[in-house]
Every structure is written in structure tokens, then in C-alpha cells.
Amino acid sequence: ADVEKPDIKLSVGGKALLYYLPLTVTEKLGYFKDAGLNVEISDFAGGSQSLQAQIGGSVDVTTGSYEHTIQMQAQGKPLVAVVDLGRYPGIALGIANSRVASYKSIKDLKGMRIGVTAPGSSTNFMVSYLMIKAGLKPEDASFIGVGGGASAVAAMRHGQIDAISNTDPVMSELETAGDIQVIADSRTAEGTNQIYGGPSPAAVLYMRPSFIQANPKTTQALVDALVRGLHWVQSHSPEQIADLMPPEYQGGNKTLYTTAIKKSLAIYSPDGKFDPAACANTLKVLQVFDDKVKAASIDLSKTYDETFVDQAQKSVK
Amino acid sequence: MPQPIGMSDASLAEPRAVAAAAPVALSFDRVTCRFPTRQGRGESYVALRDISLTVGDGEFVSIVGPTGSGKSTLLNLAAGLLRPSEGRVTAFGQPIDGPNRRAGYLSQADALFPWATALDNVTAGLRFRGVSPAEAKARGEDWLVRTGLRGFGDRYPHQMSGGMRKRVALAQTLILDPDIILMDEPFSALDIQTRQLMENELLELWAARRRSVLFITHDLEEAISLSDRVLLLSAGPAAHVIGEYPIDLPRPRDVAEIRLTPAFLDLHRRIWADLKAQVMTAYGQARHG
Amino acid sequence: MPQPIGMSDASLAEPRAVAAAAPVALSFDRVTCRFPTRQGRGESYVALRDISLTVGDGEFVSIVGPTGSGKSTLLNLAAGLLRPSEGRVTAFGQPIDGPNRRAGYLSQADALFPWATALDNVTAGLRFRGVSPAEAKARGEDWLVRTGLRGFGDRYPHQMSGGMRKRVALAQTLILDPDIILMDEPFSALDIQTRQLMENELLELWAARRRSVLFITHDLEEAISLSDRVLLLSAGPAAHVIGEYPIDLPRPRDVAEIRLTPAFLDLHRRIWADLKAQVMTAYGQARHG
Amino acid sequence: MAEPQRKPTGGVSRLTLLGLRLAVLVGLLAAWHLGVRWGLLDPFFFSTPEDVIARTWTDLGHAEIYRHLWVTSVETLLAFATGTAGGIALGFWLGLSPIASQVLDPYVKAANALPRVVLAPIFALWLGLGIWSKVALGFSLVFFIVFFNVYQGIKEVSPVVLANARMLGASRRQLMTAVYLPSALSWVFSSLHTAVGFALVGAVVGEYLGSAAGLGYRIHQAEGVFDTVGVFSGMLILTIFVIAVDALVSRIEARFLVWRPEAAGRTDAA
Amino acid sequence: MAEPQRKPTGGVSRLTLLGLRLAVLVGLLAAWHLGVRWGLLDPFFFSTPEDVIARTWTDLGHAEIYRHLWVTSVETLLAFATGTAGGIALGFWLGLSPIASQVLDPYVKAANALPRVVLAPIFALWLGLGIWSKVALGFSLVFFIVFFNVYQGIKEVSPVVLANARMLGASRRQLMTAVYLPSALSWVFSSLHTAVGFALVGAVVGEYLGSAAGLGYRIHQAEGVFDTVGVFSGMLILTIFVIAVDALVSRIEARFLVWRPEAAGRTDAA
Ligand SMILES: Nc1ncnc2c1ncn2[C@@H]1O[C@H](COP(=O)(O)OP(=O)(O)OP(=O)(O)O)[C@@H](O)[C@H]1O
Ligand SMILES: Nc1ncnc2c1ncn2[C@@H]1O[C@H](COP(=O)(O)OP(=O)(O)OP(=O)(O)O)[C@@H](O)[C@H]1O
Ligand SMILES: [Mg+2]
Ligand SMILES: [Mg+2]
């Protein structure tokens, strides 16, 4: 394939997270290579760092949260999402077993210590959003940044937090081990509907508009490869997917990993297409929490570009 | 406690001939001392070879010898700060292992605590021994007066002159009244007058308590006027005792007056001649050989 | 270049009477020097008060005085390492500001570079002046021989005896052949024999190049046998020059022999009496008052 | 009443000094401002000095910030105190016991090389998410800095002075307090200046990695919503805080080291 | 051929030493093992020593690890070299220029207190995602440690020796090379021992925060999927690496400091 820029730098915040599974699948299957691309993936401690690398121009494209495109538009740094990798945010909220007995509804979160990956992250927003819907204020609970790895598990196991809002594999690990009870789950269509009233895009591939303008063919090649990856995910079993992933991702516990994949499978978009209603959902949530987004008038249509996915539907079988 | 040490070997100097019967404070038995030179190459410099000597209990012994012959090394051995490469050193019959607790040592170099005032320096040893601060202060002030440093008690070492620091060190050692006093050129930084005052002070103290003294000096007159016995060390390398001179001048002595007596002058002439020969060897060796 | 400095004030000692006509290497004009004591309390100690003295070009001047009187302070002023609190110090007519580049200074304390071998210490000044390493080495070796240290060139300071280090420092200063030589008790760590050898070496050198020398010593005999003029400093605080003794002994001199001449003994007796009085004051002050 | 002066350089008046310091500050701010103005610095990453100062000013007017500052201060000071005490203790032990030092040497060095950020979860695990896990992180930085300096300081003790103290009859304990400690003090203080900064870094990074309060938490929160002004204003407050603590260290240092000669002191003191 | 010995303590034979060190290592491993065995340590967080060693062993058998190790080594050594050079240079400048040091003092201290983790995005912005942003992070740690020690080392130069060099005609430059540098060397080396560790920490944390290769990258990956064995095995490899580098520093140190008396040396040397 003749692309303008075969060497692509891609950033991601936590490549091993299931949130970004389609990226690793695509990479492992060699779909980028097939598309004539040589993609170097830089992994960051978190989504915001990987976004900063994008804004700073250190990388060409980023797989990150769709929210970023809205937040950056508000700051005058437009980004455009070109393919949707996840339909549902994949975040779950769980209550510690010791608290389950006294938990009736979201209102009972009041006064709890809630672990989130980082203050100000989407795991934080999801809980805050639920609380607001239930008539609480976000300040009614205290949010503690616990990260997205072993530290999050540790915090819950050692009773340092009463509830946790996190992604997989943390949630699966805690669920499987029986440490928590999940009370809100955006890993499924139904759960996401309950929280947001509809789907809400999660991981997307985004980039600066100038990159798209200068490299339309490269962009198309990237989208094609990722859509192929999404198709592959849809057509294979959790076990097959787990086998494909690098062995070190399984962390020595393949069963857990497979379970986590099974739980998360629904969040991956089957075709990579955007749903305008879902995008509006995301905006709605952000407007509650992000002062800059609230202040700005956001043009949602500029945050994503469907032409490449649509093209990919035709070419990718 | 003090016991004479039996030695059967012969050596050039035979100090035991003099002190054998008396109790022995300090005894060197065939002591050799080597220093490694040039790190790693395994070369070594023999500073002292086969030294045997004794200091009787209550005896005042001086050591003279050319510069670099090994006098300080000898004193370090007696203080237990160095270990001999061969042979053994004993204090009151006990082998010395680690700092010699029965000795006070006034070293050639400036060894005051730079972070302590003159008074605190003088009383350091008392405080180590648990003497009450008030008493230590009183005794320290007294020693400052004795060494002519009244009013300088609150000076730090860097605020004092060379001679003043030396006197503080002197007071620091003597205030503890040790059984064995080791002194390495204690008075060389002092002017002649002050030096004589200090010498008399030392003699007075010694006469009163009869401690054993091993004294190093470059000043032959000083050695003779203070000592019971003067030992002459040969030039290095491999220095050894080549001369021993009992000083039979009457006591008590005044160090200034005794220098004018004929007996003194005679002794001085004798030792001087031997010493001169030694220095010429040392210097000739280094300069031409 | 060398110019006499006009001074109109009177002072106790009148050194200019002797040296006024000759060119002047070093001149102190009503110099007072105070040291702050006790940080922060604003007290101060007057070490020198109102000192006026000169050293003529090519003259050999010695300073004697009780310990702690301010001799080293005087030399530090001449070296430009201290600034006077009042008055001014000039070298060859130029006010001294910062280290006196025309002077070589052998300090009382051990000032060798601990990280350099004896040879490197001796040649340090040459290397600072950009002399080629080969030449510096050759001249350094020569000076090691002159100071009786042949074969010790590769020793580090901590591997040498006190007297050896002093001789290295001597060579370090003299190898540069400075116009003004400042020496603070250079020979007090040496035994008498070595000391006389070094003294003769110094005299020889001085006779050959006629440098100006300001020399501090505690040994009055040494002062007399070497100098053109001996200055006597009073006891501190507020020390000043209280005596000045031109030494009219014939040159060249042998330091050992000249001590036996009647002229020498006469001078010695005179200065000694004055010095003794000074020391007694100093000691009495500190001890009793 | 001029005292003998040592060097022509050295003293400038307090006022000049303040002026020069301000000049540097203004220069830095101007460079920052112009850098942003001229497009050399992207305000997304660097914000602008005027915004940062304005934000800091408003923040300092609210009680909220003081709660965070209080948490961070407590953590910093605890980390500083425990790290210093630990470093001094181990430094002394290994400095005085050649065998222990040779045996433990590789382990100390290895421990120093462990990336603390990776250890943060373990600290959180053992010590909870409260202040103690942050203190531990700060400790693990401060400790090694102080340790290595104390250890070296012990080795640098003048053998002559040491031998003298031994001959004067000092016990091991007394050697420690009367010789090793005062002699090593300038090493200790040198390390403390570095350590103050690192104690704060440890506390803030600890908060950043997981906490419910503190300046690091605030910075992290600001970063999460890409609020650069908030990030920089947090750092500005940190900076002011650490300068205050360091001034305290300097004052204590001056108090302890009165006995030292000034820079170009006497030349007859050995 | 016994040389005069200084202290009864001190030398143990190389073999005993090795034995003792091994004993400590075995002790640590046993404690770890038993801790896990007896349920004091949760293997989820601590893994087990046998697993870690086994994993390290397999890893070391594959080429993959060497690529990561190579990246990390290059970053570490660059951070170490540049940080040391920078710290020494600034230390000398401020040490020798009292005005500059007084003016810049608060800024240096403030800079030292900035949390580097927060700055990582700015480093990435300026220096890209390659090794240089990691080098910058390591630099920012090493630099201050070396700086503070060099600065103090300069202040500790013996005034007597300094005056002597001045009188011997040393120019400013020569004073630097002939007096300040050799005199400050033990301070410099002391800081280097700390700095080696921090250079590595900087590199690893940099990788951990965002990179495509290196041991920090591997550790991050392992941590994200609860692969404790991988995390610890990465740290083990780090440790081995830093001990090797530190041994090198010690060797160079011994070479430079031949002139020093041993611990309990002469008592007539001033
Ligand atoms: N640590 C050492 N390493 C190597 N040589 C040493 C060491 N200590 C002493 N020496 C050597 O041993 C010899 C004797 O030294 P010592 O200090 O005992 O002499 P000294 O008689 O006290 O001389 P001085 O009268 O000059 O003080 C000298 O040649 C000296 O160089
Ligand atoms: N930095 C200082 N601070 C306070 N007092 C000082 C300082 N330097 C010197 N003095 C005092 O100045 C006086 C003169 O000292 P100096 O060293 O010049 O004496 P000196 O004549 O060389 O004595 P010595 O013969 O013992 O070497 C002493 O009383 C000393 O205490
Ligand atoms: Mg000696
Ligand atoms: Mg003096």
C-alpha cells in the first residue's frame, strides 16, 4: 500500500489494559504491517500523559478516551477521532463486601471513601455523575486516587477504600476473588444505558486534524487495520483472544485474564463506527464536571470523522 | 602489675642494664615497624628495626634522633595507635592492644578538636571520664592559667596561634594525670622563654607524681635538662637505638640554670658528637646516596 | 619599581632610620589588626597595634617575640592573606591587595597539598607558572636533594615525618626564587643538626640572589646568626615592635661557628634580656592578670 | 571599625542581594511570559505566569488549599525527620563497623537503585493510603542521600583528632558524640539541603500516585482535567514551602558550625 | 610480612566477606519465602523468591531482555554523566562565586523541590519520547545531588592549603584544578554513589511513565496485568545492573584517592 508516512508513532496510556485490547490484537495479528505501516507504540502511565504526548507532537496518533477530543476542543487544541474501538466505557463501580449489607442505592455512597484511578479521570466522573443523578453532590464522598493496577487491588483488599471505580482487569480480579459487589457496570450495553441513558464511546483512535489532512492515506490504513482487528475480536472466543495476547499480559493467571476478557467483550465496537447520540452522551457528562467544557460551545461533529470508518466498511471484510 | 620482663637476646643498646631491676612502665621487645609504600606494589619501608627499650616506672626518658628517623613512629607504638610488624610492646607488663589506656599522648600534629573551645578541649578527657561539668570547668580553668592561657578559654582552635594551640594540647593531656606520659615535641612551637616555663611546669608535676615519661625532642639541651636517660635513635631507614646516656644531674633542676653547669655541658658535648654523626649520615644518605 | 616610602609619623621603633635610604621591599605603615571574637557579639581582639616597619631590598630581617604575640599575623599581612584593619602594607611601593605575588610564603602550619607527592608538591609553583614538566621535575629533584629528601619524591604527605614535610614545604617555596621570602618558623620541626644544614643552605641561597627575607623564629640564636636585623615584638594584645637590633656580624657566616664568637654572644645577651622581660609580661598577664 | 578582611569578593549588601534575586525572578517570569507570547512555549503545557500567579493568589485566599498544604507539610517533615534520623543512624553504624559496611554495601546500593514509584503500591499496601505511605516514599529518598553523606563524613574524620580522643579515654559512644558527629556535621548538613527537596518530592509523588488530599493530589487532579494553571500553581506553592523549610535548615546549620574558620582563614592553623 | 596494623577491627578475608554477604542474601530470600509461605506476605503482591529467580533466569536467556536493558543502561549512563558534569560545573561556579551563589541559592533549592514526575510531560514535549526525556529525568535527580555535595566540598577546602596555592602563584583556573577539584573529590565521589542509583531511578521512572522500551516499560507492563513476578524480576535485573555500575565508581574512586591516609593513620600529620 502506498501511504504518505509508513513510520507511525502511536501513544497509549496503559497498553495492557483491556480497554485497549483491540490495539494489541491488531498489532499482534500484523494488520498494521499488512497495511504498509510500521507502528511504534509508546506506553504511558495514564491516558492524560499519552494525550499530552499527542498535543506536544511527540506522537502522530493516539488511542485514548473519546472524552479527550471534547476536552481539547474546549482548550482550542482540536483532535479528531477516526475510529471507535469501544462502545461502552468499560468502567465498573463496586462496593466492598463489608459494605454491601448496608448498601441500598447510590445515595448510600455518601461519606464513603471511593477509589478511582486518578482524581479527575473518567472513573472519577462516572461515580460523580451517578451521585449527581441520585441527588448527591460529588463532595459527599471522598475520592482517592489508587491507580489502575495492583495498587488498586491492594487498596480494596486492605480496607483502605469502601468502593472502587475502575476498569479491567482490576474489577475482574476483585470480583472473582469475591472482594466486591459490582453496582454499576459500563462494560455492558445494559449497564451503560443505566448510567448514561445510552452508549458512550470509550477508546478511540484520535489525532490532530493537520495529520489527517497531510496523511489521508495513512489515516485510512490505520483505520483499516484497526477495523480488521475489531472484526477479529468479534469472531473469536475469549480463550482465543487470550492466547493471542503477549504471555506476560496474563500475569501468570490465564483463567483470570480470560474471565476478564469475557466480561469486557461487549465493550468493543463491532465495526468502529460512531454513534452521534453516544457522543452527545459523553458531552453531557463532561459538561457537568469540566468547567472548561461547560464554558465552551462544543461542536461535536468536529470531534470525530466518520469517513474513514465508512470507507473501511467497504474495503475490510 | 608492674613486672620486669625477662629478655635473653642481645641488642646494640642494652637499656635493661639500667632499668631491669626497677618496675617497668613501658617495654619494647625487638620491635620492627614497616610501612607499605606505593599502594598495591607491595613495597615497604622499614622505619624501625629490632628496637628494644624500656621506660622504668617513674622514669623520665627522652629520645633524640635525626628527623625522619622514626621517633613519632616509636611513640605511636607506645600509645597503641600503631601495631608493630614484629616484636611486642607492653605497658606495665600488659601487651598493648588498641589505645594504651594508661598513657596520655601529646602528638606532634595539631590534634585539638576544632569544634570545641580551648576550655572544652582541655576538659575533654575529664568529661569522657564522667567528671561533673562544674568540676571539669574548674580544673580546666586552672590548667589554662598554668599554661598561660587565662582568658582564652572561649577561643576556638582556629582563633589561636600555633604556640597557644600547643599549650592547650599540653593541658589537655596533663590534666588527666596519666601513668605514662608520651610527648612528641611538645614545646617546639614555643619561644625559648615560654618553653622554659613549660618545662619547669612539667618537671614540677613529674616530681610531685612521679609518672613515667617518654619524651621526644629535637632540642638536646631540653632532653638533657629534663631526663633521667636520653636515648639516641639512628638515622632511618631501619632506625635503632645506638646510644644511651644516663643523666646523673641532681634534682630538682631548674632547666635554665642547669644548662650552665659543667656536668651538663659535658653530657651535651658527648651526645652532640654522636647525634651529629647520625644526622650527617641521614643527610648524606638522602643527599648523595 | 623599588622606591622608598616617605613616612612622617613617629613610632616607638624607628626601623626606617636604618633602611630609609635603601630601596624598600616591604613596608608596614601604622598597621593595626583586629580579630572579631565570639561570633555576633561584636567583640574584637586587637592583635597588632600601630606597627610600622620596613624590610629593605636584599635585607634579611628576623622577628622574635613571645608566643601568641602576633608574628604569624604580621606575616599573613605581608603575604596579602589578611588585610589590616587600619594602616597599609606595601611591597616594593605597591599596596598589597590580595596575595602578594612577589612573595613566597612558608607558613607555620602544614600547607602541603595532601593529594600530591613530595615531588609534585615541590614543583607545584613551577607548574603554575607554566614551566615544562620535564624541567620542573629536574629542578624539583634537585631541591629534594638539597633538602635531604632524595628518594622520597613519591611519598604523599601523610607518609612523611613532620620534619620531612617541613622540608618539602621549604623546597616548595624556595624553588620559585621569589623576591620576598616570608618564613614562619620554618626550622622548628627539625633537629638541630638538620636545622643548621638548612640554615646554611638558606644563607647560601640568600647570599647568591640577595632576596629580601622576613623570618619568624623562636630561636634567638637562629635569628641572630641569619639576620641583618632582628625585631622584637611585644607581648599581645596590641603587640608592637619594641626593639630593633642591627646585627653587624661579618658575612658570609657559618651558622654553627658564628654562635661561638664574642660579638654573637654579646648580641644574644642583649636581646635575650629584652625578650625575657616580654615573655614574663605575656605569661604573667595570662596567668595572673 | 574595619575588621581584617579576607578577600575582596564576598559581601554584597542585603539590599543589593535582594535586588539581584528579584532581578533573576523577574527575568525568569519575563522569559516565560514572552516565550508564551511569542509562541515558543505552548500555553497548554506552560500556562502563563500571570494566570499562575493569579490562581495561586486566589487559592491562597481560600481555606481549602491550607488543608492540602498541611497534609503535604506533615508528610514532608515526617519524611525528612525519619529519613534523616535513619540515614544518620545507618551511616554511623556502617561508618564505624567496617565489617557490617562491607557486608551490607551491595544491599544498600541495590536498595537505593530501586525505583520508588514502582514500590508505591507496596508502600500503600503496608502503610495504607493515608500519610504514612507518602512518608515512606519520602523516607526512601531522603534516607539514602543522608546515609551516603554521613557514611562518607565518618570516613573523613581526621585520624589525628580521632586518635587523640581515643587516647583521652573516649568510649565508643563518646567517640561518636564528641568526634564523629561534630566532624561529620558539615556532611550531614550538605545532605540535608538536598534532602529537604527530596522529602517534598517524595510526599508529592506519593500523593500524586494515590491519595485523598495534599498538594500532589491537587496537582494530579488539575492534570487530569488538563488544567495547566492548576498544576503550575501547585508547584509554585510547593516551591515557596520548600524555600521556607530550607531557610530553617540553614539557620540550624549556622548555629551548629560556629566553630569553623571563614573561607580564607588563618594560615597557621593546621 | 605483617605490615603495621592500625586497628584490631577492619580486615576480614575476602572469602569470609563473600560468605557473610551470601548469608545476608540467603537470609533475605528465606524471610521472603517464609513470609509468603506463612501467609504474612500476600503472593499476589509479593510473588515468591523462587518464581522471581526462575523468571529472571528465563528472561536472561532471551535476547529480548537485553534490548530493554541496553536502552535503560544507555539512559542511565547518559543521565549519570550529564548530571554529574552539570552538578560539578554549577557546584564549582556557585562554590567559587559567592555573589552568584547567594543570588541563585533560592532558585536552585526551589528547582530541587519540583516533583519530577509532574514534569515528565514537559520533558517529553521538549525532548521527544526517545531516550532523551528519560535522560532528562535522571539528570534532574543526579544533578542536584552532585551539585549540593560539590558546592559543600568547595566550601570545605582547607584555607591553609588554599592560601599556599595562591602564594605559589596559582591562577583561578589552576586553583580549581590543583586545589578545589582534588580537595572536593571525596565529596564528589560520595555524591556519585547516591547518584548512580538515582540515575537509574530516573531512567526507569521515565520509562515507566511513557516509553516503548526499557526495563521501566517492562515493569509497567507487568504491573498493569498484576504480573508481580515480572515486576520483581525487573527490579532484580535493575539491581544487578546498578551494583555493577557502582563497583566501577568505587574502582575509579580508589584510583583517584590514593593519596589519603587510611582510616586510623598517622598522628603526626596535620
Ligand atoms: N604511613 C606511612 N607510610 C609510609 N612511610 C611512613 C609512614 N609513616 C611514617 N613513615 C616513614 O617512617 C619514617 C619515620 O617517620 P617518623 O614520623 O616516625 O619520623 P620522626 O623521627 O618522628 O621525624 P620528625 O623528627 O621529622 O618528626 C619516615 O621516613 C617516614 O617517611
Ligand atoms: N582568626 C582569629 N580570630 C581571633 N583571634 C585570632 C585570630 N587569629 C589570630 N588571633 C589572635 O591573634 C594573636 C596573635 O596570633 P599569631 O598567630 O599571630 O601569634 P604568633 O605570634 O604567630 O604566635 P606563635 O608564636 O604561637 O605562632 C593571638 O592571640 C591569637 O589568638
Ligand atoms: Mg615526628
Ligand atoms: Mg605563629
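Chain identifiers are assigned alphabetically (A, B, ...) following the order of the sequence lines, protein sequences preceding nucleic acid strands; residue numbering begins at 1 within each chain.
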Of the backbone (N, CA, C, O) and the side chain (C-beta and beyond), which part of B/L112 lies under 4.5 Å from a heavy atom of chain D, both, or neither? backbone
Can you tell me which of B/G104, B/A79, B/A124 forms the most heavy-atom pairs within a distance under 4.5 Å of chain D? B/A79
Nearest heavy-atom approach of B/R127 to D/Q174 is O-NE2, 3.7 Å
Backbone N/O of D/L168 and side chain of B/R129: donor-acceptor pair under 3.5 Å: yes
Does the side chain of B/T173 come within less than 4.5 Å of D/M167's, by heavy atoms? no
Please determine, among B/G125, B/A169, B/P99, the option with the most heavy-atom pairs under 4.5 Å with chain D. B/P99
When you measure from the side chain of B/W115 to the backbone N and O of D/A178, does any donor-acceptor pair fall under 3.5 Å? yes
Run the numbers on D/N164 and B/S107 for side chain to side chain contact (heavy atoms under 4.5 Å, CB included), then give the verdict. CA-CA 8 Å; D/N164 189 28; B/S107 73; 5.9 Å; no
Kindly check if the number of other-residue, nucleotide or ligand heavy atoms within 6.0 Å of CZ (B/R210) is above 12? yes
Closest non-hydrogen contact found for B/F128 with D/G169 is CB-O, 4.0 Å
Compare every heavy atom of D/R166 with every heavy atom of B/R101, then report the nearest pair and how far apart it is. NH1-O, 3.8 Å
